[in-house]
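Here the structure is laid out as structure tokens; the discussion comes afterwards.
Numbered from 1 within each chain, the chains take letters A, B, ... in sequence-line order.
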There are 2 protein chains.
Amino acid sequence: MTTEDVVTRDDASARKPRLSRERVITAAMELADRDGIESLTIRALAEDLGTKPMTIYHHVAGKEVLLDGMVDIVFSEIENPPTDLEWREALRVRCRSARVVLARHPWSVPLLESRTSPGPELLRHHEAVLATLARGGLPLPQMAHAYAVLDSFVYGFALQEANLPVQGGEGMAEVAQEIAAAFDPGAYPNLVRLTVDHVMKPGYSFGSSFDVGLEMLLDGIARAAE
Amino acid sequence: MTTEDVVTRDDASARKPRLSRERVITAAMELADRDGIESLTIRALAEDLGTKPMTIYHHVAGKEVLLDGMVDIVFSEIENPPTDLEWREALRVRCRSARVVLARHPWSVPLLESRTSPGPELLRHHEAVLATLARGGLPLPQMAHAYAVLDSFVYGFALQEANLPVQGGEGMAEVAQEIAAAFDPGAYPNLVRLTVDHVMKPGYSFGSSFDVGLEMLLDGIARAAE
DNA sequence: GATGCGATTCGTACTTAGTACGACTTGCTA
DNA sequence: TAGCAAGTCGTACTAAGTACGAATCGCATC
């Protein structure tokens, strides 16, 4: 026993660093990023961490809490622009960053709003947005509107982007083919025209619409600030 | 679409009208509306329908297909404004209707974009939006932007609305209490101010921000049309 | 060192849920 | 009235979350 102990201790400590709540959540995010959220099971996560399922539960209370933790880390990745930046520009920077972060963690978008308990990072983020709007001189009612409207747009855009069948304009052709094959192509002339004459063209990028919409909203908010 | 089966048969058929794909999907939507999407299991659905789990599978190929069918029905509920309506007004009507429908089926929002195969109603809806934008004289690139931007906003708003902790301004107080209790209230001055001085006031309604944002976007789109 | 304790780890097993397989039932048609 | 196709369901397997309690580990103290 004692002799074996010496050997196993060395190996064990080198091979199996102790788990922590943070390591568990981080590994869960990596798994979700890599294989999709539907592949994130406690068993698979334990496998990734080189441990057994029940060990996970000593660091997070359950899967729901794990998801809460993951969402909060997503929020922490959103860039926090300096508070002395012009308010409009600050919102632009933050929203753009949010889009990038959400695109990096597509699984997070449907989760963002469905978590019951807001984490500290989420609260920090919301507080920062409101502070920026307050700097813009918006009265409370307009502030609430601006807040709701920007969030809606960012989440909604991310939701769509997260579920694009393909990224580049390449595989788009096949998708279009499938749809055209399954349904009468003549029934959807505008859909076909948009796809063939625009979406499938070289320079197209869905993401470019983000900036367009963001500017529309920022313009509207600025107008309301007067 | 088919007429009711002959009810004049013996009590067996009266007690257990034959199932159909449509009846299964409708019952699934009712269950999800009533108890939440997480309560929608094949077993519970069978129970609601007065039958056994395996019977479901003779009408829908599996749960995923069932969800596809539900989503398509949600799209069919969105109002289709007359095609001779002024294009801006037509978009307004359609988007508002979409918000109402999505609020009625909160479970559908995260599903909308994640379904792999688009159903006929979804395609019809998209085609109609594009046709309306085309009537507005938008060139293809602006059309794509307008399309993406409106959809993002509507989905994002619905996503937030679907996950509001409470509807009226009433229970809001308790939620605010919890948050304030869990974290240092002084750390989130703007959040507290917005909540206490605006959200918790009598006339507040989150939904009113929808029209505000929608007008911002319609303005922006109209400007781009020139 | 030996010992004792809290922090971790994990083996076992129960529960819920999706669904494959094949047998049984039913209602209509020839 | 026999037979067939459509519809129904009993049984059972698999995947996944997780409760319970025992085994183990790491370290501080004597």
Side-chain angles (χ1 to χ4, degrees), chain A residues 1-25 27-28 31-32 35-70 107 111 114-116, chain B residues 2-28 31-32 35-70 107 111 114-116:
Chain A
M1 275 227 295
T2 6
T3 49
E4 277 188 344
D5 254 2
V6 180
V7 182
T8 29
R9 186 156 1 122
D10 291 343
D11 285 0
S13 58
R15 210 186 301 143
K16 272 197 192 180
R18 290 302 258 268
L19 251 47
S20 68
R21 178 189 158 87
E22 195 187 330
R23 261 174 56 75
V24 168
I25 296 179
L31 205 168
D35 301 336
I37 190 70
E38 72 284 350
S39 298
L40 173 58
T41 69
I42 297 292
R43 289 162 213 260
L45 179 55
E47 182 77 15
D48 270 19
L49 286 166
T51 181
K52 298 297 157 64
M54 280 307 106
T55 304
I56 305 288
Y57 288 89
H58 263 268
H59 300 96
V60 292
K63 196 173 185 182
E64 289 299 305
V65 174
L66 174 62
L67 293 174
D68 283 342
M70 292 166 70
W107 46 265
L111 291 185
S114 66
R115 299 293 83 201
T116 49
Chain B
T2 32
T3 54
E4 283 287 296
D5 264 1
V6 185
V7 194
T8 55
R9 201 147 307 275
D10 45 21
D11 45 44
S13 67
R15 218 184 299 142
K16 270 197 191 182
R18 290 303 256 271
L19 252 47
S20 69
R21 176 188 160 89
E22 195 185 331
R23 259 175 57 75
V24 168
I25 296 180
T26 303
L31 204 169
D35 301 336
I37 190 70
E38 71 284 350
S39 298
L40 173 58
T41 69
I42 297 292
R43 289 163 215 257
L45 178 57
E47 183 78 14
D48 270 18
L49 285 166
T51 181
K52 298 297 157 67
M54 279 307 106
T55 306
I56 305 288
Y57 288 88
H58 263 270
H59 300 96
V60 293
K63 195 173 186 184
E64 290 299 303
V65 174
L66 174 62
L67 293 174
D68 282 343
M70 292 166 70
W107 45 266
L111 291 183
S114 66
R115 301 291 83 202
T116 49

- State which residues pass side chain to side chain contact (heavy atoms under 4.5 Å, CB included) with A:E47; sequence neighbours excluded, sorted by chain then number. none
- Item | Under-4.0 Å side-chain N/O to phosphate OP1/OP2 contact, B:H59 with D:dA6 | no
- Item | side-chain hydrogen bond (donor to acceptor under 3.5 Å, both in side chains) involving B:E64 - partner list, sequence neighbours excluded | B:R115
Set out, line by line, the N/O atom pairs under 3.5 Å between protein and nucleotides 20-22 of chain D.
none

- Query: side chain to side chain contact (heavy atoms under 4.5 Å, CB included) with B:A44: which residues, sequence neighbours excluded?
  - Reply: B:L31, B:T41
Listing, residues 54-62 of chain B side-chain donor-acceptor contacts under 3.5 Å, not counting sequence neighbours, or none:
from  : atom 1 : to    : atom 2 : distance (Å)
B:T55 : OG1    : B:T51 : OG1    : 3.1
B:T55 : OG1    : B:K52 : O      : 3.2
B:H59 : ND1    : B:T55 : O      : 3.4
B:H59 : NE2    : B:L19 : O      : 3.4

- Message: Would you compute the distance between atom CG of A:D35 and atom CG of A:L40 and round it to the nearest 0.5 angstrom?
- Response: 9.5 Å
- Query: Just how far, in rounded Å, is P of D:dC9 from CG of B:L49?
  - Reply: 11 Å
- Note on the structure: Note: A:L66 and A:A28 closest approach over all heavy atoms is CD1-CB, 4.0 Å
- Message: Within the 4.5 Å heavy-atom criterion, are B:V65 and B:R21 side-chain neighbours or not?
- Response: yes
- Value in whole Å for how far the C1' atom of D:dT8 lies from CG of B:L19: 10 Å
- Between D:dG7 and B:T55, is there an OP1 or OP2 to side-chain N/O distance shorter than 4.0 Å? no
Between the protein and nucleotides 14-17 of chain D, which nitrogen or oxygen pairs are less than 3.5 angstrom apart?
from   : atom 1 : to    : atom 2 : distance (Å)
D:dA16 : N7     : A:R43 : NH2    : 3.1
D:dG17 : OP1    : A:K63 : NZ     : 2.6
D:dG17 : OP2    : A:I42 : N      : 2.7
D:dG17 : N7     : A:R43 : NH2    : 2.4
D:dG17 : O6     : A:R43 : NH2    : 2.7

- Task: Provide the closest heavy-atom pair for A:A27 versus A:L49 in the form atom of the first, atom of the second, distance.
- Result: CB-CD2, 3.6 Å
- Rounded interatomic separation in angstrom, taking CD1 from B:I56 and P from D:dG10: 13 Å
